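Note sheet for the following structure.
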Amino acid sequence: MVEIELDGKKVEVTEGSMIMHAAEQSGSYIPHFCYHKKLSIAANCRMCLVDVEKAPKPMPACATPVTQGMIVRTKSEKAIKAQQSVMEFLLINHPLDCPICDQGGECQLQDLAVGYGGSSSRYEEEKRVVFHKNVGPLISMEEMSRCIHCTRCVRFGQEVAGVMELGMIHRGEHSEITTVTGDTVDSELSGNMIDICPVGALTSKPFRYSARTWELSRRKSVSPHDSTGANLIVQVKNHKVMRVVPFENEEVNECWIADRDRFSYEALNSDERLTKPMLKQGGVWKEVDWQTALEYVANGLQQIKTQHGVNSIGALVSPHSTVEELFLAAKLVRGIGSENIDYRLRNAEFTATQGVQWLGLPIAALSNLQSALIVGSNLRKDHPLFAQRIRQAAKKGCKVFSINERVYDWALPVNASVVAAADWAQALADVAAAVAEAKGVNAPVAGQAHDEAKAIAAALLAGEQKAVLLGNAAAHHAQASVLLGLANWIAEQTGASVGYLTEAANTVGAQWVKAVPAGNGLNAAQMMAGGLKAAILLNNEPEFDSAAGKPAVAGLNKAEMVVTLSPFKANMEFSDVLLPIAPFTETSGSFVNAEGRVQSFHAVVKPLAETRPAWKVLRVLSNLMGVSGVDYETSQDVLAAATAGATQVPVAALSNAAKAVDAVPAASAAAPVVASIYQLDSIVRRATSLQLTADARQVREGGAA
């Protein structure tokens, strides 16, 4: 540790730290533009010049290492004059468009100009003009004359997103930021460039000119998409969601969010929202009141129960639903007497698990892995924020290996990729054989220790922090239990953790509240194949959200009654009743992320029109069906009943254990079903700007994103 004096205070910091780090630690603010705590140091804006004793001139705080006994003054006359001079230079070419600038009110340059800018300019020359650029549907680069060349966006692309999509060309006053690898910015994390831009050069294209920042209310929420559980700030005006930005949480999403977390809000204001309960009568949809709709559903379920028995009724529930909704859906189905409830819509195998399957380690630990074997995952698109953490680990020397049906571009160095079109079990068996050979033990099953397998084994046997991670495709695989069994054996022999990069916002929560069939209950595949006379669909569209796809429509058409609870006009082809339920912004609830963390949130806007929170709809439906023990007054009451007040899934409940594998079955011909990045759930599918991105276009044209 090194001790320095900063503005008269003694500060102790790690050797090698910069003055800026010492200032952050002591709570002293030094004005800056190019410095960002998550990015490398560029030292190109010079706004952070400070007075260092015995230095001949002011020094940049972000790029000056501390030394023992150093004396630094950030507010001396010398420092202030240097900072004011830099501000004068920055404003020479800056357009004076603050009154009409869409960044007004949240612009770092504007804020610092008040403190360090002059009341008039000494320059009378014409200001430079930089032409706008069209870089896609998410980021607006219409006002690049505002750019101060801090290069935050360039460094973000290189260092965090893993793709250098923007760069600086030319020199001097001709310098400008532009695309360098193509015409558009296509990273799945690109929206973060908007947040870190300290001026109004990069702005949100969907949000642009729709509201002033001071008109917006800010409310905390949690992303309903992938299993990161990214923390959000939802910005609201007139009971309408206008913008979504990250809420910093170092243990979960740091200060970043994926583009689907940021821009999916467009769907919440779309014309496809279901605003009133609807019944289909004589093939024609008509709007009805809630009492009529719920009584129709309750009477229909009661009639089918009487005629066909309780086992003819079931529920297909989405893992993007809240803990409270899934808990009450399970209560309703079991209260009727059935065990037909399942969230595993995309699975091909339905083996009972020994516990709640999870990530196997804290999310933050992904950043510190020394080796990782990732099986059956397009990591970058399935879990953008997990990929970002593993990218940081790779920079520190983590060796990353993959087993997939093809080589994906993860925008990070992958030491070796085993391409196994369908035979992932055999590929894992080969790794197990290499581990067995290296340790001098018997392999669990026959395998070939080829060069790639030996490289993976060597990396997993070295170091201390290592993981075998199974992706969405591995979880959905027809041999999922075999893959897990082999992963467990490899992890046990190498000292690695084993876990799932779980698919959805609440995959872990769905297991915890037992939204799965027990006993002789039908699984999701059996229900969608025509095993039900009455089906309740909670927040999902089987055609798009299931492994069955289009055949699921034919299977559900065989049912006498299909009830869809959705925020959107969905499943109209085969449903008999549509009940409008609130999306995550209009209801309170909780999600359990991949590491087992329970994160609760409140509604940020009023429910649209006749929309109602799904947990209330399920509670009333349970009452009408005579189910006891569901008289909850608030969602917090439901959560307490579902989780016994826990804020984390109990360690005893978390388990990725699997039965030992004694033989590798023949390769499965069917490819596992995995939703692409902007097809994951009903909200992202209806977000206009996300559907205009290169990733979405690639899927429509038959590729894989």
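In this chain, numbering begins with 1 at the start of the sequence shown. On a predicted model such as this, the values are computed, not experimentally measured, just so you know.
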Would [X] and [Y] count as having a side-chain donor-acceptor pair, cut-off 3.5 Å?
X    : Y    : result
S318 : N540 : no
S600 : S590 : yes
S264 : H225 : yes
T228 : N253 : no
R262 : N192 : yes
H308 : E560 : yes
N231 : Q599 : yes
Q357 : S655 : no
Q648 : E595 : no

Please confirm whether F263 and F207 have ring centers closer than 6.0 angstrom. no
More than 12 non-hydrogen atoms from neighbouring residues, nucleotides or ligands closer than 6.0 Å to [atom1] on [X], yes or no?
X    : atom1 : value
Q291 : CD    : no
E251 : CD    : no
K305 : NZ    : yes

With a cut-off of under 6.0 Å to the ring centre and 45° to the axis, is R344 in cation-pi contact with F350? no
Less than 4.5 Å apart, any side-chain heavy atom of R346 and any of E503? yes
Are L279 and L578 close enough that some pair of their side-chain heavy atoms sits under 4.5 Å apart? no
Distance (rounded to the nearest 0.5 Å) between [X] [atom1] and [Y] [atom2]:
X    : Y    : atom1 : atom2 : value
W256 : L385 : CH2   : CG    : 10.5 Å
N378 : N472 : CG    : CG    : 9.5 Å
D261 : D226 : CG    : CG    : 6.0 Å
S223 : R260 : OG    : CZ    : 7.5 Å
L618 : R612 : CG    : CZ    : 14.5 Å
I313 : S338 : CD1   : OG    : 7.0 Å

May I ask you to decide whether [X] forms a salt bridge with [Y], counting only side-chain N to carboxylate O separations under 4.0 Å?
X    : Y    : result
R685 : D545 : yes
E272 : R686 : yes
K606 : E586 : no
E106 : R243 : yes

Under the 3.5 angstrom rule, does the side chain of Q235 hit a backbone N or O of V241 as a donor-acceptor pair? no
Give me the atom names and distance for the closest heavy-atom approach of K514 to R334. O-NH1, 2.9 Å
What closest approach, in Å, do L328 and W615 show between heavy atoms, and which atom pair accounts for it? CD1-O, 3.3 Å
Applying side chain to side chain donor-acceptor pair (under 3.5 Å) to S497 and not counting sequence neighbours gives none
Intermediate values then yes/no, ring pair (Phe, Tyr, Trp, His ring centres under 6.0 Å), F591 and F584: CA-CA 10 Å; F591 293 128; F584 77 106; 7.4 Å; no
